[in-house]
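Please read these numbers as outputs of a predicted model, since none were measured by experiment.
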Amino acid sequence: MIGKFLCSAFLAACLASVAAAQSTAPAKPQEPALPYSPGLDPTSMDKAVDPCVNFYRYACAGWQRRNPIPADQTGWSVYAKLYEDNLNFLHGILEEAAAESAARNKVTQEIGDFYAACMDEAGAEKRGVSAVQAQLDAIAKLQSARDLAPLVAGLQFAYGRAILFAGGSGQDLDNAEQVIADLDQGGLGLPDRDYYTKDDSKSREIRERYLQHVQKVLELLGEKPEAAKQGAATVLRLETTLAKASLTQVDRRDPYKLKHKMGVPELEKLAPNFDWKTYYRDSAYPAFTVLNVQTPDFFKEMSARLASEPIADWKTYLRFHVANSASAYLSAAFVNESFDFYRKYLRGAKEQQPRWKRCVSYTDHNLDDALGQAYVARVFSPELKASTLDMVRRIEEAMGQRIRSLDWMSPDTKKEALLKLAGIRNKIGYPDKWRDYSSVKITRDDFAGNMARAAAFERHRQIDKIGKPVDRGEWLVPAPTVDAYYDPQMNDINFPAGVLQPPLYDPKMDAAPNYGDTGGTVGHELTHAFDDEGSQFDANGNLRNWWNKGDREKFDARTKCVADQYAQYVIVDDIHINSRLTLGEDVADLGGEILAYMAWKDATRGKKLESIDGLTPEQRFFIGFAQWDCANERDENMRVRAVTDPHSPAEYRINGVVTNMPEFKQAFSCKEGQPMTKPAEKVCRVW
């Protein structure tokens with residue numbers, strides 16, 4: 001899958017937390033009810049701070065003091081707190097659904113039994129490694145690299161698409177109406193290829209600690225310490241060769257570097273030492289003539305290593321990855337080891353999460369549409385959907401005004417840009433059609449089996465798309481998700497119900513903070529259609545250059561202004577923002593807030609706006625913007641994000657934007673030369 005913009009760092013963090021949650025006694029469930037937090041909270045501010053010196057601290061320092069990072073979290077933010085509120089809400093729904101009452105319907109039975117099986121800690125402990133023994137036995141029987149294909153096919157069905165490499169489906173970059181087969185890099189145990197290639201002292205320390213983790217997992221599988229130590233060295237060596245052949249995060253922002261369409265005969269020439277025909281047959285792919293190999297160099301290297309490395313080494317590699325992938329639903333020893341490395345060491349969490357949180361998250365991410373139905377029925381009204389759509393339409397109108405008024409863009413390019421804007425689809429709240437999970441066997445006494453069968457269902461669903469028209473009504477995230485995204489190939493913006501709750505969107509609040517917060521997020525997603533990456537796709541979602549050459553050069557010069565600004569910011573220690581990685585998000589943050597301000601002014605034109613709590617409407621707009629991202633983060637997590645996350649840290653997502661908005665300077669009467677201002681000639685203007 002190429003170029004999907006999930007627009008908060010928090011979603012990735014909460015998904016990662018699932019694999020490391022602890023098995024503890026369940027907390028008493030709350031009645032399903034989301035707590036209320038206002039869209040603008042004066043107590044979250046610190047008015048002793050000059051907003052023209054550090055606006056983020058002015059708007060959020062009170063929140064930061066009152067909200068230390070919980071011990072089981074790697075960071076804490078407004079988004080994270082709402083996610084936790086949603087988790088508690090879903091917890092109540094699932095506890096009700098897990099009670100075997102006659103009132104249960106098909107959907108509540110599915111989610112209730114899945115959740116109940118997950119909460120069976122004693123059963124998981126009793127089964128131990130036996131939950132993956134069949135896969136381990138299959139690995140033990142491998143005789144040669146040619147035997148890998150059917151095994152990898154099976155493992156990808158059970159544990160996700162990225163065992164050894166990632167295989168599946170995706171939209172055709174040249175014809176966004178069709179789905180084709182897809183291959184991509186994968187197979188690593190560390191968060192990113194850069195962890196294997198950098199040679200600074202911290203990277204070397206992480207690799208040494210990773211070796212200890214791999215050794216421990218192999219020991220839990222029954223290997224003696226010395227053999228496990230040698231096995232860990234083998235795993236790291238093989239992963240390092242794959243990492244060096246993988247594209248960087250920055251390179252992956254260029255869709256042209258991910259476009260390599262070919263037939264299976266060409267793939268066999270590219271990577272001859274893997275049995276592709278058997279892989280596709282055993283994966284039940286429909287007949288196809290073309291696929292996109294996103295990272296050819298990776299598959300060249302993988303093939304070379306399959307020929308040169310002993311099969312015993314690949315067996316060690318696969319044993320580790322099976323256990324590592326399944327660790328969260330094996331016995332406590334595996335759960336604890338996964339937590340110790342991935343959450344505690346790499347990201348700084350102090351405690352493991354309670355088991356119920358893990359079980360809610362797993363249900364949400366494996367039976368998302370089933371649980372989503374129960375969620376939206378209770379929290380998402382037709383009135384909320386209508387008001388959100390009104391905001392979206394106003395922001396799209398503001399974008400149209402911006403495009404038409406640009407003095408640097410030629411009429412031909414403007415025409416194409418306006419066509420793309422008109423073609424954007426708005427998905428608000430939840431899908432029109434819910435997915436049916438009735439074919440997934442779900443029992444109350446086999447959580448590992450439920451997980452494997454749910455994974456297989458989803459993998460079959462993705463593979464079955466090949467050769468068929470794209471379903472433009474599909475969503476990529478569950479309805480309760482606290483996040484939003486723009487999809488350049490679908491050319492749509494997606495706002496699940498979970499992100500349209502207070503304090504992010506507050507129906508009780510005046511328009512100013514709502515437009516500053518959710519309006520800015522809507523504008524952010526809309527701007528992704530025209531950022532450095534999204535702007536390479538046309539109105540239909542095809543990868544096509546619709547730009548006049550001179551216009552593109554002017555656009556690149558304007559985005560360079562943003563990249564140069566953010567490259568000066570320090571994340572942690574002496575690590576600066578990798579502004580080539582964060583450029584799309586930084587441009588979207590700036591463009592989104594400009595659009596939200598315009599739309600807010602349009603929505604309130606002719607209305608008398610009063611100051612509230614001593615704050616003018618304009619000040620409330622900007623404080624609403626800042627308070628969506630009040631956050632505290634652990635240094636360890638910031639180091640991981642510096643390598644992997646395309647979003648800048650919270651403080652710079654706010655301060656970096658307002659320094660480029662003269663409206664902010666006017667709202668707070670900032671003087672020339674203060675840190676939150678820029679000389680007019682240095683203000684970054686893209687959209």
Side-chain angles (χ1 to χ4, degrees), residues 9 12-13 15-20 74-75 159-166 184-218 229 231-253 257 294-295 297-298 301-302 305 309 313 316-318 320-321 323-325 327 337-349 570-582 633-649:
L15 284 171
S17 74
V18 170
T74 62
Y159 304 112
R161 65 193 293 263
I163 292 281
L164 186 59
F165 59 85
D184 198 5
Q185 64 197 36
L188 305 182
L190 286 169
D192 184 74
R193 52 92 63 197
D194 285 3
Y195 282 83
Y196 300 86
T197 60
K198 290 185 175 181
D199 199 39
D200 58 278
S201 59
K202 186 63 179 178
S203 296
R204 292 195 299 272
E205 175 198 306
I206 290 172
R207 289 194 292 271
E208 184 59 37
R209 182 63 181 79
Y210 181 56
L211 280 169
Q212 297 171 26
H213 166 64
V214 178
Q215 178 179 344
K216 181 64 174 177
V217 171
L218 293 175
K229 184 177 181 179
T234 295
V235 170
L236 180 60
R237 178 173 54 79
L238 290 175
E239 289 183 7
T240 300
T241 64
L242 297 177
K244 288 179 177 179
S246 300
L247 282 181
T248 67
Q249 294 281 356
V250 172
D251 282 338
R252 293 183 67 84
R253 287 188 51 74
K257 291 183 178 179
Q294 296 191 38
T295 48
D297 288 346
F298 174 88
E301 181 63 24
M302 183 191 83
R305 292 295 169 176
E309 300 286 349
D313 289 357
T316 298
Y317 167 89
L318 289 170
F320 164 72
H321 275 280
N324 203 46
S325 298
S327 62
E337 176 55 34
S338 180
F339 167 80
D340 284 344
F341 179 69
Y342 287 107
R343 292 274 289 173
K344 187 175 183 179
Y345 172 71
L346 271 186
R347 294 184 178 269
V570 176
I571 298 178
V572 64
D573 304 328
D574 60 349
I575 302 172
H576 285 246
I577 290 175
N578 180 356
S579 62
R580 292 174 62 211
L581 174 61
T582 64
E633 292 234 38
R634 301 194 194 279
D635 287 352
E636 296 92 335
N637 197 47
M638 294 292 277
R639 293 187 188 99
V640 175
R641 289 186 56 192
V643 177
T644 62
D645 193 349
H647 304 82
S648 293

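Legend: residues meeting side-chain contact (heavy atoms from CB on, under 4.5 Å) with D199, ordered by chain and number and at least two apart, are R204, R207. For D200, the side chain to side chain donor-acceptor pair (under 3.5 Å) criterion is met by S203, not counting sequence neighbours. Residues satisfying the side chain to side chain donor-acceptor pair (under 3.5 Å) test with R305, not counting sequence neighbours, are E301, E309. Under the rule for a salt bridge (Lys or Arg N to Asp or Glu O under 4.0 Å), D635 has no partner lying at least two apart in sequence or in another chain. For Y195, there are no ring pair (Phe, Tyr, Trp, His ring centres under 6.0 Å) partners, not counting sequence neighbours. By the side-chain contact (heavy atoms from CB on, under 4.5 Å) test, V570 is found to be paired with H576, residues two or more places apart in sequence or in another chain being considered. Partners of F298 according to the ring pair (Phe, Tyr, Trp, His ring centres under 6.0 Å) rule, which considers only residues two or more places apart in sequence or in another chain, do not exist here. Listed by chain and number, the residues in a ring pair (Phe, Tyr, Trp, His ring centres under 6.0 Å) with Y210 are F341 (sequence neighbours excluded). Checked against side-chain contact (heavy atoms from CB on, under 4.5 Å), Q215 has the following partners two or more places apart in sequence or in another chain: E219, P225, A228, K229, A232. Residues satisfying the side chain to side chain donor-acceptor pair (under 3.5 Å) criterion with S648, sequence neighbours excluded, are D586. Annotation: side chain to side chain donor-acceptor pair (under 3.5 Å) contacts of R209 (sequence neighbours excluded): none. Residues passing the side-chain contact (heavy atoms from CB on, under 4.5 Å) test with D573 are R639, sequence neighbours excluded.
Crowding of K202 atom NZ: a count of heavy atoms from other residues, nucleotides or ligands under 6.0 Å exceeding 12.
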